[in-house]
Amino acid sequence: MTQSFHTNPSFQLLLATTEEIIRERGCSQTTLQEIIKRTGLSKGAIYHYVQSKDELFALVLQSKLEQVNENFALQVSKSARGDLQTPLRAIIKGFSQMMRAEGNVALQIFVYLLSQKEKPEIAEILRRFYEFSVTLQTKWIETGQQGGAISKALDARKTAQYLVAHMFGSGILGIIQQGERPLDEEDILQILMRILRD
């Protein structure tokens with residue numbers, strides 16, 4: 001999961017098709033055979049990117065986070081120095097879309113993988129995805145610190161770990177509460193602004 005294949009059309013087709021099948025059938029009913037059939041890619045081409053369906057699922061999750069990161073970078077480039085609200089709003093919106101319960105592929109994948117965490121290969125996939133998530137959010141916090149928008153007194157990595165826990169926790173809470181979100185995006189923005197500034 002550490003290598004990015006953003007510009008490769010076959011890889012993009014693989015991700016999009018996997019997401020489409022999961023949306024139609026769910027994670028358990030999605031098979032590599034169906035992905036091969038729909039993409040027209042050979043088994044060897046798919047195994048060039050991943051070793052298993054579960055690893056492919058994690059790459060779909062990673063690609064969702066990378067999309068949030070691209071939007072964050074765009075908002076940072078447009079924002080005035082010291083502006084925390086604009087880039088933070090982009091992150092919150094991206095995570096909210098990613099972890100929304102209703103029909104959301106990212107949340108389905110996360111719950112599916114989490115339910116099989118006792119399998120060593122899936123535990124490793126989850127560990128790598130968690131590390132990718134924390135590393136990405138640490139980078140966001142450090143960017144904000146360098147730009148004067150986030151307090152330099154904060155430990156960037158520990159704060160990132162907290163934000164990752166919040167992101168996944170709010171997704172799970174959305175499932176428990178049958179799609180209701182306990183906090184809306186504006187509530188989350190205000191809470192995070194206080195945490196990151198103070």
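Partners of Ala16 under the side-chain contact (heavy atoms from CB on, under 4.5 Å) rule, at least two apart in sequence or in another chain, do not exist in this structure. Residues satisfying the ring-ring contact (aromatic ring centres under 6.0 Å, His included) test with Tyr112, not counting sequence neighbours, are Phe57. Scored by the side-chain contact (heavy atoms from CB on, under 4.5 Å) test, Val68 finds Trp140 as partners (sequence neighbours excluded). With sequence neighbours excluded, the residues forming a side-chain contact (heavy atoms from CB on, under 4.5 Å) with Ile191 are Leu183, Ile195, listed by chain and number. Remark: Glu121 pairs with no residue by the salt bridge (charged side-chain N to carboxylate O under 4.0 Å, His left out) rule, at least two apart or across chains. Remark: Gln75 engages no residue in a side chain to side chain donor-acceptor pair (under 3.5 Å) (not counting sequence neighbours). The salt bridge (charged side-chain N to carboxylate O under 4.0 Å, His left out) check on Glu118 picks up nothing, with sequence neighbours excluded. By the side chain to side chain donor-acceptor pair (under 3.5 Å) test, Lys117 is found to be paired with no residue, residues two or more places apart in sequence or in another chain being considered. Leu113 is linked by a side-chain contact (heavy atoms from CB on, under 4.5 Å) to Asp54, Ala58, Leu61, Ile109, Ile122, Ile125, Leu126, counting only residues two or more places apart in sequence or in another chain.
Phe168 has its ring centre no less than 6.0 Å from the ring centre of Phe95.
Between Val50 and Leu59, the closest side-chain pair of non-hydrogen atoms falls below 4.5 Å. Considering only heavy atoms from C-beta on, Leu56 stays 4.5 Å or farther from Tyr49 through its side chain. Contact annotation: the side chain of Thr30 never approaches that of Arg23 to less than 4.5 Å [non-hydrogen atoms, C-beta and beyond]. Phe11 has its side chain out of reach of Ile46: every pair of non-hydrogen atoms, C-beta onward, lies at least 4.5 Å apart. Using a 4.5 Å heavy-atom threshold, the side chains of Glu19 and Gln108 count as separate.
Taking a 6.0 Å sphere around NZ of Lys53, one finds it holds more than 12 heavy atoms contributed by other residues, nucleotides or ligands.
Identified under the salt bridge (Lys or Arg N to Asp or Glu O under 4.0 Å) test for residues 28-50, with sequence neighbours left out: Glu20-Arg38, Glu24-Arg38, Arg25-Glu34, Glu34-Arg38. Pairs passing the salt bridge (Lys or Arg N to Asp or Glu O under 4.0 Å) check and including a residue from residues 73-87, sequence neighbours excluded, do not occur. Within the structure, every pair that satisfies the salt bridge (Lys or Arg N to Asp or Glu O under 4.0 Å) test and touches residues 156-169, not counting sequence neighbours, is listed here: Glu131-Arg157.
A pairwise comparison of heavy atoms in Leu192 and Leu88 identifies CB-CD2, 3.8 Å as the closest pair.
Between Glu142 and Lys152 there is no salt bridge, since no side-chain N of the basic residue sits under 4.0 Å from a carboxylate O of the acidic one.
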